[in-house]
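One-based numbering, in listed order, for ligands and for the atoms of each.
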Amino acid sequence: MPEKKIYDWARGFVLDFSLGDGLSKNALSTKRYLSEMKGMFADAAAFEKITAREDPLVYEFYELGVPEDPGNLAFGASITYPGRVGNEYFMTKGHFHTILETAEVYYTLSGEGGMLLENPEGDVSLQPLEPGKAVYVPKRYAHRSINTGKTPLVSFFVFRADAGHNYATIETKGYRKLVVEGPDGRPKMTDNPKWAAP
Ligand code: MN
């Protein structure tokens with residue numbers, strides 16, 4: 001819920017979207033620390049090593065508290081911070097929409113990274129998140145932001161306000177693919193061992 005009710009969802013409004021002086025004063029951010037993502041990174045030993053000494057902020061997102069009905073659009077900002085667990089880059093948990101048949105748009109404002117997309121049937125793609133470029137997240141695809149750079153990855157997002165978030169399957173098995181830093185220092189996709197055949 002927003003701290004101040006400056007949003008007139010019925011008659012319209014203008015919002016200062018600058019994160020320093022604008023949006024951060026007028027929206028609440030939800031913060032995800034590394035300790036809240038236990039089991040979501042492949043290298044459990046590296047995870048324990050980091051969380052034994054610190055609990056870094058992995059990502060946060062700003063929401064405005066839009067009424068969640070199908071005629072409204074929810075929008076805000078997502079910030080994924082730079083870092084890695086082992087060779088796996090910091091990322092958001094990722095989610096399907098509860099209403100699976102709803103899409104979303106991400107427009108990158110700063111930083112560099114990727115949007116990992118995966119549908120229930122196992123189709124996977126990694127789309128670049130680069131300043132000035134928009135990624136279309138199709139309906140039925142889970143989506144996760146991954147920061148492969150050295151600065152915060154900041155995106156604007158907008159989706160149908162009643163879509164909802166479904167983390168359940170991703171919190172247990174994750175995605176079929178991981179995005180890791182390769183030996184050449186560049187990002188690459190690898191298979192997630194948790195998805196290996198039993
Ligand atoms: Mn979404």
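- Ring to ring, Y107 and F156 are not that close: their centroids are 6.0 angstrom or more apart.
- Closest approach between the Mn ion (ligand 1) and any N/O/S atom of H95 involves NE2.
- Between the Mn ion (ligand 1) and H165 there is no N/O/S contact shorter than 2.8 Å.
- Between the OE1 atom of E104 and the NE2 atom of H143, the angle taken at the Mn ion (ligand 1) works out to 90° after rounding to 10°.
- The line from CG of N26 to OH of Y62 is 11.0 Å long, rounded to the nearest 0.5 Å.
- Taken together through direct or relayed side-chain contacts under 4.5 Å among Ile, Leu, Val, Met, Phe, Trp and Tyr, L57 and L23 form part of one hydrophobic cluster.
- At a cut-off of 3.5 Å, with distance as the only test, a side-chain donor of D55 or S35 sits close to an acceptor on the other residue.
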